There are 2 protein chains.
Amino acid sequence: MTQAEQEVPHMTTIREVAQRVGVSAATVSRVVNGVPGFSELTRQRVLQAIDELGYEPDSLARGLKTSHSALLGVLAPAVSDALASQIMSGVESEARAHGHAVMLGRTGSGAELAVEYLRTLRAYRPAGVVLISTAITPEMRRAVGSRVPLVSVAIRKGNELPSVAIDDELAAYEGTMSLLRSGHRRIGLLAGDESSVLVNAPRERGYRRAMRAVGAKPLEERGNSLYESAIPALQRLWQRDPELTAIFALSDEMGAAAVNEAQRRGLRVPEDLSVLGFDDTPTSRHVHPPLSTVAQPLVPMGESAVRLLLGQGPRNQVLPHRIIARGSTGPTPMPPH
Amino acid sequence: MTQAEQEVPHMTTIREVAQRVGVSAATVSRVVNGVPGFSELTRQRVLQAIDELGYEPDSLARGLKTSHSALLGVLAPAVSDALASQIMSGVESEARAHGHAVMLGRTGSGAELAVEYLRTLRAYRPAGVVLISTAITPEMRRAVGSRVPLVSVAIRKGNELPSVAIDDELAAYEGTMSLLRSGHRRIGLLAGDESSVLVNAPRERGYRRAMRAVGAKPLEERGNSLYESAIPALQRLWQRDPELTAIFALSDEMGAAAVNEAQRRGLRVPEDLSVLGFDDTPTSRHVHPPLSTVAQPLVPMGESAVRLLLGQGPRNQVLPHRIIARGSTGPTPMPPH
DNA sequence: TTGTAGGCGTTATCAT
DNA sequence: ATGATAACGCCTACAA
């Protein structure tokens, strides 16, 4: 408060730090970046000056010089998407741990906006971009430039593009199996939107494979993964088979809707109807009984994606899923004779 | 460490565009930024060259030169916070509409991390920062520098600092009143954490004022706004008054928990017990019956915050709340005689 | 160990 | 209407 004029809140530069210590800007830069070439005494004095002046390197200038910023992009179908939020949470913390900041974007349900966002992102020369529930297309690659690594999370298209996901087919197979093992045979599937086929198709295959394995008849209706969409789909399921003893919903929101709707109709869950969800989002805990679900390790997936972008992980990662039994599943009310 | 030698995909610069058209970089810059000083013919040729070369201005260089970027910071208590997600959604879309990108950060439940994030943000010379559910402190102001505007959303401390919020006291008063008008007198309050006093204290005052206005006795227990915290708090409420006919939860998560817990205990909602939530997050729709709630216009609040930062709105904004009657509230089972 | 100088891509000032 | 030129703050050879 002695020498600082109050007028224009000038940002401290590296040169001012240098001047104060009586060294050149280059030396300060070396200290700041840990590049060898300074004495211990210099280091201490520089650090002290930095502290006193509250100096912080200008990321814009640094990025311009080095032609890359410590920015990571994250694109989600919607900013408020519950599943994406969990993944973003992992991305954010891991990015932070590596000294990176996170830029937020939105792809829209059909990835319409992705290219636009990637172009904006490119202008900031980010270290990488995480695409949540979105497949990488050639247009996206082009939009962001070939220098910026991309990774898809919670979705996978072959092993060509970098991705972090679970084995959806296997997870759905095992989820179905867990219901079958409890004695259920009439298991209705609440599938997701055809537009998110990369996630839903494998899950549907897993369900069918399990059903066929025991000679049970698959029964499927399609929603769009959201809560509201489940009610009419459920209705259609019940119309086609009023004796269903279990519902396998390919999203927790649809699972939650199934639990609520069943109870509304006077069915007890799980005594009269078992419901199994998918994803393990917080929604699964917001119904009663809490939703049993096929869990994806969403937060770790976000973390892994960041490590992959930063070059510290394999190009394709299949993380382990697991079946979590909460209160919404139980033995079949009428075991087959 | 080892990196294959491959052709470096050079980013197109303003000079290359200029060269192609046969003008100077300055002229291209003028066209790009709409600064007067070029002929119509030049404009068209520049635009065409930009298109052909896929030129995009480097935001880092631009920011360095102008000393401000088209970046907006958003800090939420947690990245996956449901209420914050809704606000972020509004922030993101409005920012985008104004040509700004969004940087994401986390304050932690007690704003411990806020200063650290703000320091990082400052290095990118953002146009402003939105603080969700977080009050602005002098430390924060200092961390981000006096050039960068801050705004609190969904929280308000007097009228000193910029903010966008509802009138929490009035909203809670009216919420309580709506229950009273349905005949309820024994209304238990599920309050939030003391650490988020800026939000909770006014709401609690509103509840008490309404109760006193009709001579009813306030009855309060405290959770931490999250789902799980509501169950023990509810228990305490019932212990203190087993005849409660309504619960007013100061968050939707606690409200959802109350609906579920009541039903688990064999109470019908709303026939035996009415439950009113607060905030109008998606959680309110994930229980059955769907939760009646005191709604904050979360998305518009995010949008307003951005406009305020960009200098297009008053420094303090009180947005309208409203009471939404869904299925979880109804007349009291035993009207007073 | 330390300093000097050049330039990253852009905008703004001053000429022409 | 347009061009040359000088920064913005930083990093990094290259010198010393």
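A quick note: this is a predicted structure, and the numbers were derived from the prediction, not measured. Chain naming here is simple, since letters A, B, ... match the order of the sequence lines and numbering starts at 1 in each.
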Tell me, do [X] and [Y] make a side-chain contact under 4.5 Å, heavy atoms counted?
{"X": "Val23(A)", "Y": "Val28(A)", "answer": "yes"}
{"X": "Ile14(A)", "Y": "Ser29(A)", "answer": "yes"}
{"X": "Val46(B)", "Y": "Ile50(B)", "answer": "yes"}
{"X": "Met140(B)", "Y": "Thr107(B)", "answer": "no"}

Check your understanding: Partners of Leu161(A) by side chain to side chain contact (heavy atoms under 4.5 Å, CB included), sequence neighbours excluded?
Key -> Ile136(A)

Revision key, fill the gap. Residues at least two apart in sequence or cross-chain that pass salt bridge (charged side-chain N to carboxylate O under 4.0 Å, His left out) with Glu16(B), listed by chain then number, are none

Check your understanding: What residues, two or more places apart in sequence or in another chain, satisfy salt bridge (charged side-chain N to carboxylate O under 4.0 Å, His left out) together with Arg125(B)?
Key -> Asp58(A)

Check your understanding: If you look at every heavy atom in Arg106(A) and Leu113(A), which pair is closest and at what distance?
Key ->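 Between these two residues, the closest heavy atoms are O-CB, 3.4 Å.
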
Review point. Heavy-atom contacts under 4.0 Å between residues 58-71 of chain A and DNA chain C, which residues?
Key: Leu64(A), Lys65(A)

**Study point:** Pairs where residues 153-166 of chain B contributes a residue and the test side chain to side chain donor-acceptor pair (under 3.5 Å) is met, not counting sequence neighbours
**Key:**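 Every side chain to side chain donor-acceptor pair (under 3.5 Å) pair that includes a residue of residues 153-166 of chain B, provided the two are not neighbours, is Ser163(B)-Asn316(B).
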
**Study point:** Dot-bracket line, read 5' to 3' along DNA chain D, where crossing pairs take [ ] and | marks a partner on another strand, Watson-Crick or G-U under 3.5 Å
**Key:** ||||||||||||||||

**Study point:** Nucleic acid contacts of residues 45-52 of chain B, taken as heavy-atom distances under 4.0 Å to DNA chain D
**Key:** none

Specify the separation, in whole Å, of atom [atom1] of [X] and atom [atom2] of [N].
{"X": "Asn33(B)", "N": "dA12(C)", "atom1": "CG", "atom2": "P", "result": "7 Å"}
{"X": "Tyr55(B)", "N": "dG9(C)", "atom1": "OH", "atom2": "P", "result": "10 Å"}
{"X": "Gln44(A)", "N": "dT1(C)", "atom1": "CD", "atom2": "C1'", "result": "16 Å"}

For nucleotides 2-5 of chain C, tabulate all protein N/O to nucleotide N/O atom pairs closer than 3.5 Å, reporting atom names and distance.
residue, atom, partner, partner atom, Å
dT2(C), OP1, Thr42(A), OG1, 2.8
dT2(C), OP2, Ser39(A), N, 2.8
dT2(C), OP2, Thr42(A), OG1, 2.9
dG3(C), OP2, Ser24(A), N, 2.7
dG3(C), OP2, Ser24(A), OG, 3.0
dG3(C), OP2, Thr27(A), OG1, 2.9
dG3(C), N7, Arg30(A), NH2, 3.3
dG3(C), O6, Arg30(A), NH2, 2.4

Review point. Is there a donor-acceptor pair under 3.5 Å between the side chain of Thr134(A) and the backbone N or O of Ala111(A)?
Key: no

Run the side-chain donor-acceptor check on residues 70-91 of chain B: report pairs under 3.5 Å with partners two or more places apart or on a different chain.
residue, atom, partner, partner atom, Å
Asp81(B), OD1, Leu83(B), N, 3.0
Asp81(B), OD1, Ala84(B), N, 2.7
Ser85(B), OG, Asp81(B), O, 2.8

Check your understanding: Are a donor atom and an acceptor atom from the side chains of Arg96(A) and Thr120(B) found within less than 3.5 Å of each other?
Key ->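 The answer is yes; a qualifying pair exists.
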
Could you list the donor-acceptor pairs under 3.5 angstrom formed between side-chain atoms of residues 306-313 of chain B and any protein atom two or more places apart in sequence or on another chain?
residue, atom, partner, partner atom, Å
Arg307(B), NH1, Glu94(B), OE2, 3.3
Arg307(B), NH2, Ser304(B), OG, 3.3

Point to revise | Listed partners of Gln48(A) passing side chain to side chain donor-acceptor pair (under 3.5 Å), at least two apart | key: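 Side chain to side chain donor-acceptor pair (under 3.5 Å) list for Gln48(A), sorted by chain: Glu52(A).
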
Point to revise | Range on DNA chain D touched by chain A, heavy atoms, distance below 4.0 Å | key: dG9(D) to dA13(D)

